[in-house]
Amino acid sequence: MLSGELIMLKTSHRGKVREFIVNVSEDGFHTDFGIIDLSLLLEKEAGDTVVSHMGQEFTIQRPRMPDFFNHAKRSGAPMMPKDIGPIIAYTGLNTNDTVLDAGTGSGVLAMYLGSIAKRVLSYEVREDFAQLARQNILSAGLGNVEIRCGNIVDEIVTLEERFDVVTLDTQDSKDVIPHVRRVLNPGGFLVTYSPFFEQTKDIRQAIDAAEFYDVRTMEFSEREISFSDRGTRPATARVGHTGFITIARK
Ligand SMILES: C[S@@+](CC[C@H](N)C(=O)[O-])C[C@H]1O[C@@H](n2cnc3c(N)ncnc32)[C@H](O)[C@@H]1O
C-alpha cells in the first residue's frame, strides 16, 4: 500500500463485521479493538491482515463506492443505489463524460458519477451541506468532483462549460430545465429525480416545453429476498418509495 492511499480495515467481533476507512500514514488508528499502527500498511497488499496492539486481526481491502456510500456523512436523504444504477445505465455514463449535478446534498450521487466520469461539477445552495459533501468526496479520494456553493437556478445561466449529462435532484428542477439545453452537448442526457407525482408532472411539462426527446419517467424498486430456516421469501423490511427518475435527451 502507498502512503496516503485510502484503505478499508475489516474485522469480526461477536459475529458482527466492523469496518473502518483510513489513510495509510505514520499514525496510530484507535479502535474499540486496540490501536493499529498504520505505517505497517506500507508493507501490505489488499487481502493481507494487520493486528492491533490488543491482538485483534483486521483484513485489508481497497474501498469501493458502496463502502463510501455506507461511510458517507449525511446532510439529508442521499440517493439510493437502486436509483443511481439506472442513471448510470440509461445515460451510458463513461470516462469521457463531464457532468453537471445539483443539489449536491451529501454528495452521494456526485461521488458515484465521479467514480466513472471525467469530471463532475455539483452545486449545493447550503454552504454547510457543500462543506460536508466536500469532506465525503475527499474521503473517497475523488479529485475530479468539484462542489460549488450556489443556487443552480441562478448559476446555470452563467455557465460557459458544456456537459454530457445533467442530473437534477432539487425541488426547483422545473426552473432549471429551461436552461439545460444550452449547457448540454448534442446527444447529452438530462436526468431528474423527484419524490412526488406533482413535482414530476411539473418536470415533464418543463421538459416538453424545452424540446427534449426520448423522455421517460420511471420508478425503480428493490426487493431483497430473505433466507431462513422457516423458508425463503421477499424480506418484510424493504426500501419503499424513494423517487421518480425522468430521463430526457437533447
Ligand atoms: C435530496 S438532496 C440531494 C441528495 C444528493 N443527490 C445525494 O445523492 O446525496 C437535495 C439538495 O439540494 C439542495 N438544493 C435545493 N435547491 C437547490 C438549488 N436551487 N441549488 C442548489 N442546491 C439546491 C438542498 O439543499 C439539498 O441539499
Side-chain angles (χ1 to χ4, degrees), residues 64-91 93 97-117 119-140 142 144-159 161 163 165-180 182-183 189-200 202-203 206-207 210 217-220 222 239-247:
R64 297 171 64 92
M65 248 334 116
D67 304 313
F68 295 121
F69 175 84
N70 290 334
H71 286 261
K73 296 188 177 74
R74 268 109 165 111
S75 59
M79 207 176 282
M80 301 299 284
K82 78 168 180 71
D83 296 314
I84 294 172
I87 292 175
I88 292 168
Y90 279 100
T91 61
L93 190 75
D97 283 347
T98 54
V99 183
L100 174 65
D101 171 64
T104 317
S106 315
V108 164
L109 176 63
M111 288 199 292
Y112 267 95
L113 300 174
S115 72
I116 298 172
R119 163 169 159 78
V120 177
L121 172 61
S122 185
Y123 279 89
E124 169 55 52
V125 75
R126 285 186 51 169
E127 180 55 49
D128 52 340
F129 287 5
Q131 206 45 45
L132 181 135
R134 285 189 194 108
Q135 280 173 27
N136 284 335
I137 283 150
L138 193 70
S139 306
L142 291 165
N144 60 338
V145 180
E146 181 187 351
I147 310 294
R148 289 188 194 159
C149 186
N151 186 330
I152 187 65
V153 183
D154 304 327
E155 299 295 333
I156 194 165
V157 295
T158 69
L159 281 172
E161 198 173 341
F163 303 89
V165 175
V166 174
T167 53
L168 300 175
D169 179 4
T170 74
Q171 277 186 5
D172 39 21
S173 295
K174 70 171 186 342
D175 301 323
V176 186
I177 289 165
H179 308 287
V180 170
R182 190 187 65 84
V183 299
F189 284 93
L190 161 66
V191 181
T192 66
Y193 175 91
S194 45
F196 297 104
F197 281 114
E198 292 80 358
Q199 193 189 356
T200 309
D202 290 345
I203 284 170
I207 287 177
T217 295
M218 293 168 275
E219 182 177 24
F220 298 95
E222 175 177 299
V239 178
H241 170 72
T242 53
F244 303 107
I245 290 179
T246 301
I247 303 187

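Just so you know, residue 1 is the first one in the sequence shown, and it goes up from there. Atoms within a ligand are numbered from 1 in the order they appear, just like the ligands themselves. No hydrogens, no waters, no symmetry mates; every other heavy atom, side chains included, goes into these values.
In Val176, neither the side chain nor the backbone holds a heavy atom less than 4.0 Å from any atom of ligand 1. If you look at Asp172 next to ligand 1, the close heavy atoms, those under 4.0 Å, all belong to the side chain. At a heavy-atom distance under 4.0 Å, only backbone atoms of Ala77 (N, CA, C or O) approach ligand 1. The parts of Ser106 lying near ligand 1 are both backbone and side chain, judged by heavy-atom distances below 4.0 Å.
Scanning the protein for heavy atoms near atom 15 (C) of ligand 1, the closest one is Thr170 CB, 4.0 Å. The shortest contact between atom 20 (N) of ligand 1 and any protein heavy atom is with Ile152 N, 3.0 Å.
Under a 4.0 angstrom heavy-atom cut-off, Glu124 registers as being in contact with ligand 1. Residue Ser75 places no heavy atom under 4.0 Å from ligand 1. Residue contacts with ligand 1: Ala110 is excluded, as none of its non-hydrogen atoms falls under 4.0 Å. Within the structure, ligand 1 has Thr104 among the residues with a heavy atom less than 4.0 angstrom away.
Counting heavy atoms from C-beta on, the side chains of Thr98 and Leu121 never come closer than 4.5 Å. For the pair Glu161 and Arg119, the minimum side-chain heavy-atom distance is below 4.5 Å.
Relative to the ring axis of Tyr112, Arg64 does not place its NZ or CZ within 45° and under 6.0 Å from the centre.
In this structure, CD on Glu219 lies 6.5 Å from OG1 on Thr242, to the nearest 0.5 angstrom.
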